[in-house]
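To start, the structure itself, in structure tokens.
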Amino acid sequence: PMLAAALFSRGWSRLSLTGVRARLLLSEWRGFPGDRIQGRLRLVNRKPLPLPWIELDQVLPEGLLPSGEAGVKGTFRFAASMRWYQAVQWRIGLVCVRRGYYRLPPMSVTSGDPFGFYTRSAVLPPEAPVLVYPKLIPLGRIGIPSFFPAGDERSESRLFPDPTRTVGVRDYRPGDSLRAIHWKASARQRRLQVKVFEAATTRRIALFVAAETFNGGTADPDSDFEFALSVAASLAHNVADQGASVGLYANARLADTGQPASLPPGGGRQHPAAVLELLAKVTAVPSGPFVPFLKGERRGLGAGTTLLIILSRVPPDLPPVLADLKRAGHPLVLIRIGEGDATPLPPEIPCHRIGRAEGRKAEKEAERPNGCGPSGGPSADAGGGR
């Protein structure tokens with residue numbers, strides 16, 4: 001009888017995890033710091049053999065915390081008994097703590113025979129990564145003005161009509177928007193007439209983050225580098241809201257590919273989200289020096305593209321490149337994060353310095369054409385003149 005019981009238990013244990021599937025189902029796979037993501041852990045037993053007991057563990061990476069009674073020290077842990085062909089599920093919650101690209105470790109399931117003599121464990125394939133975007137900061141709070149109003153320049157080409165400026169009417173054509181119909185003119189002409197709008201140019205903004213000018217390699221969520229990514233995300237959100245095309249470039253390795261971030265300016269509803277996704281994947285490890293990176297990416301920038309460069313220290317070989325970009329017709333704006341760097345810049349390049357105070361509250365000095373001067377006046381430090 002003892003031998004029979006042992007063979008029975010061993011055979012049951014071998015079959016216990018056959019046909020067992022587990023899935024992590026989240027309402028969102030993206031969020032901002034402080035967001036709570038709701039979800040479910042679903043476990044299915046797809047075989048005619050019941051499971052008197054089964055345990056499931058899902059470890060969470062740093063930057064994501066479990067919420068609820070089942071979350072203990074960064075791990076979801078559940079136990080249940082299951083009949084044949086039964087599915088069970090548990091509600092869970094995740095708290096996004098800080099920016100990052102988080103690959104969820106594989107889930108671990110453990111089961112065995114009814115007596116607990118033999119146990120078996122298996123690792124199930126991991127789910128999709130969770131992206132936590134940088135925190136968005138109101139630009140007024142950190143003293144950055146709205147640099148780039150869109151649609152304020154006349155253009156000979158009618159690529160982007162400005163609905164606030166009507167220059168005439170024409171006959172209705174299939175595909176015209178009903179909002180553009182000129183009802184009074186249609187009544188006079190006794191046929192549908194649509195408004196003809198004056199065209200306006202759309203600004204193209206290229207955000208550059210000079211990763212190697214910060215203290216690279218650190219994962220400190222309170223570092224100047226993390227604050228710089230929040231500034232970049234806030235600026236991208238701001239200029240996209242104004243109708244500008246925005247792109248992102250950063251000489252930092254991405255968490256999923258190891259390559260630097262390179263996203264040309266583009267429009268559409270999904271493009272600002274693509275910028276945020278890149279910023280979530282950016283690591284603090286530089287991919288190389290910034291100046292060669294800037295020279296390589298400038299070749300793909302269209303004429304007149306505005307370059308917004310976010311950095312901490314100014315590399316010695318950067319000022320000549322900035323002057324060359326200015327002569328080539330690229331509007332430039334520099335944003336310096338932190339204090340202490342006094343490298344002189346060409347006087348025609350606007351520069352704004354942002355210093356982080358306690359509680360990550362940023363302040364900006366009194367605005368002036370070149371607010372990052374080496375010394376003297378309010379440009380010497382972030383709190384000057386206050």
Side-chain angles (χ1 to χ4, degrees), residues 134 144 147-148 203-218 223-233 235-236 239 245-255 257-265 275 278-279 281-355 369-375 379:
I144 298 180
F147 291 119
F148 313 110
R203 299 264 191 164
R204 292 169 57 87
I205 311 300
L207 288 169
F208 280 84
V209 179
E212 125 257 2
T213 66
F214 298 84
N215 293 326
T218 177
S223 64
D224 282 345
F225 181 69
E226 289 294 327
F227 181 70
L229 296 183
S230 289
V231 171
L235 286 168
V239 299
S245 298
V246 62
L248 175 71
Y249 303 87
N251 64 324
R253 297 188 182 278
L254 298 179
T257 65
Q259 300 299 314
S262 179
L263 180 66
V275 172
L278 274 185
L279 287 170
K281 297 177 182 179
V282 165
T283 68
V285 181
S287 60
F290 177 69
V291 172
F293 174 76
L294 175 60
K295 290 180 178 179
E297 296 294 347
R298 67 170 292 189
R299 301 189 187 102
L301 298 176
T305 301
T306 298
L307 275 64
L308 193 65
I309 301 175
I310 302 172
L311 43 71
S312 177
R313 294 174 289 100
V314 177
D317 50 349
L318 181 60
V321 177
L322 297 180
D324 183 53
L325 287 168
K326 190 75 174 178
R327 287 191 297 269
H330 289 288
L332 292 171
V333 179
L334 261 65
I335 294 181
R336 281 181 172 176
I337 304 297
E339 305 174 9
D341 184 16
T343 302
L345 292 170
E348 67 274 12
I349 297 178
C351 184
H352 302 267
R353 185 189 296 278
I354 303 174
N370 189 10
C372 297
S375 62
S379 63

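Note that the structure is a prediction, hence the values are computed from the model and not measured.
Note: R336 CZ to H352 NE2 = 12.0 Å, rounded to the nearest 0.5 Å. One finds the CG atom of L325 at 11.5 Å from the OG1 atom of T306 (value rounded to the nearest 0.5 Å). Annotation: the span from L278 atom CG to L207 atom CG amounts to 11.5 Å, rounded to 0.5 Å. One finds the CG atom of D224 at 10.5 Å from the CD1 atom of I354 (value rounded to the nearest 0.5 Å). Here I337 contributes atom CD1 and R313 contributes atom CZ; the two are 13.5 Å apart, rounded to the nearest 0.5 Å. Remark: D317 CG to L322 CG distance equals 10.0 Å, nearest 0.5 Å.
Contact check on R298 versus D324 returns a salt bridge, with a Lys/Arg side-chain nitrogen under 4.0 Å from an Asp/Glu carboxylate oxygen.
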Candidate pair V239 and L308, rule side chain to side chain contact (heavy atoms under 4.5 Å, CB included), full reasoning:
CA-CA 11 Å; V239 299; L308 193 65; 6.0 Å; no
Side chain to side chain contact (heavy atoms under 4.5 Å, CB included) evaluation trace for K281 with T257:
CA-CA 9 Å; K281 297 177 182 179; T257 65; over 6 Å; no
Which is it for V282 and L254 under the side chain to side chain contact (heavy atoms under 4.5 Å, CB included) test, yes or no, and what are the steps along the way?
CA-CA 5 Å; V282 165; L254 298 179; 3.8 Å; yes
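Contact record, A206 with L301: CB-CD2, 4.0 Å, taken as the closest heavy-atom pair. Of all non-hydrogen atoms in S287 and A252, the two that sit nearest each other are OG-N, 3.7 Å. Between G288 and E212, the closest heavy-atom pair is O-OE1, 4.0 Å. Closest non-hydrogen pair, P331 versus T305, comes out as CD-O, 3.7 Å. G302 and R204 make their closest contact through N-NH2, 4.2 Å (heavy atoms, listed as atom of the first residue, atom of the second, distance). Across F293 and P260, no two heavy atoms sit closer than the pair CE1-CB, 3.8 Å.
Residues L294 and L307 have side chains in contact (heavy-atom distance under 4.5 Å, counting atoms from C-beta outward). P315 is listed as a side-chain neighbour of T213, based on a closest heavy-atom distance under 4.5 Å.
Ring-plane geometry between Y249 and F208 is classed as parallel, the angle between the planes falling under 30 degrees on a 0 to 90 degree scale with a further cut at 60.
Tested against I335, the residues L311, V209, I309, L235 include a single side chain to side chain contact (heavy atoms under 4.5 Å, CB included) partner, L235.
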